[in-house]
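As a basis for the values below, the full set of heavy atoms in this structure was taken, side chains included, without hydrogen atoms, waters or symmetry mates.
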Amino acid sequence: EAGAVAEVVEVLQGAGVPGVKAAEVIRQAVWHKLLGNSTFNPMSALTLQPCDYLCSEPRSKALVRMCMFEMLSVAVKLGVYDEGEVDVDARLAVTAAIPAGFKTSMLQDVEAGREPEVGPLLGAVLDLAELVQVGTPSLSVLHTLTAAR
């Protein structure tokens, strides 16, 4: 299996795809991405704002942080991370470094008149939170509002 992964990485790197590397711990890599997608996607769909706005406007940024902390509580309870292993502000900085005007897929969906993909990105996290009995009030509100969009 590791050989196949190495081959794929080599092909992608050879094709000039930037930043390609094999993840050591795939669950952590998936949750790291999910921390951004499950917060920025629905918030951008609701506010019709790109990521740089959500990272810089104080109230939006505070809500993003709150949602990320809730998600991390779920991930910790699932054994993906240890308590304190992920720095939310560092994760927020990853998205803040994206060029200004970047629109999430949910924002693009809303602008194109398509239904946002809230179930796979946020609904799944809420299902896991319920399974491990972790409260996610901010994520629940975000999900409800985005699903109603």
To the nearest 0.5 Å, tell me how far [X] [atom1] sits from [Y] [atom2].
X: Met68; Y: Leu139; atom1: CE; atom2: CG; answer: 10.5 Å
X: Phe69; Y: Met66; atom1: CZ; atom2: CE; answer: 10.0 Å
X: Met71; Y: Ser138; atom1: CE; atom2: OG; answer: 12.5 Å
X: Thr144; Y: Arg149; atom1: OG1; atom2: CZ; answer: 15.0 Å
X: Thr95; Y: Leu54; atom1: OG1; atom2: CG; answer: 9.5 Å

Quick one: which residue pairs count as a salt bridge (charged side-chain N to carboxylate O under 4.0 Å, His left out) with a foot in residues 54-71, not counting sequence neighbours? Glu57-Arg59, Arg65-Asp89
Pairs involving residues 71-87, ordered by first then second residue, that meet salt bridge (charged side-chain N to carboxylate O under 4.0 Å, His left out) (sequence neighbours left out): none
Tracing side-chain links under 4.5 Å among I, L, V, M, F, W and Y, which residues wind up in one group with Leu107? Leu48, Val110
For [X], check side-chain contact (heavy atoms from CB on, under 4.5 Å) against everything at least two apart and list the hits.
X: Leu72; result: Leu35, Tyr81, Val86, Val88
X: Ser56; result: none
X: Val141; result: Leu145

Of all heavy-atom pairs between [X] and [Y], which one has the smallest distance, and what is that distance?
X: Leu142; Y: Cys67; value: CD2-SG, 4.0 Å
X: Trp31; Y: Ala75; value: CE3-CB, 3.6 Å
X: Pro50; Y: Phe102; value: CB-O, 3.1 Å

Report yes or no: do Val17 and Val5 belong to one cluster of Ile/Leu/Val/Met/Phe/Trp/Tyr joined by side chain heavy-atom distances under 4.5 Å? yes
So if you build clusters from Ile, Leu, Val, Met, Phe, Trp, Tyr with side-chain heavy-atom gaps below 4.5 Å, do Ile98 and Met43 land together? no
For residues 113-137, dump all side-chain donor-acceptor pairs below 3.5 Å to protein atoms at least two apart in sequence or in another chain.
| from | atom 1 | to | atom 2 | distance (Å) |
| --- | --- | --- | --- | --- |
| Arg114 | NE | Asp109 | OD1 | 3.1 |
| Arg114 | NH2 | Asp109 | OD1 | 3.0 |
| Glu117 | OE2 | Ser105 | OG | 2.5 |

Please enumerate all residues that pass salt bridge (Lys or Arg N to Asp or Glu O under 4.0 Å) together with Glu111, with sequence neighbours excluded. Lys103
Residues passing the side-chain hydrogen bond (donor to acceptor under 3.5 Å, both in side chains) test with Ser44, sequence neighbours excluded, are Thr104
Counting C-beta onward and ignoring hydrogens, is there a side-chain heavy-atom pair between Val9 and Lys21 closer than 4.5 Å? no
Heavy-atom donor-acceptor pair, Thr146 side chain to His143 backbone, under 3.5 Å: no
A quick test of your reading: do over 12 heavy atoms of other residues, nucleotides or ligands sit less than 6.0 Å from CD of Gln108? yes
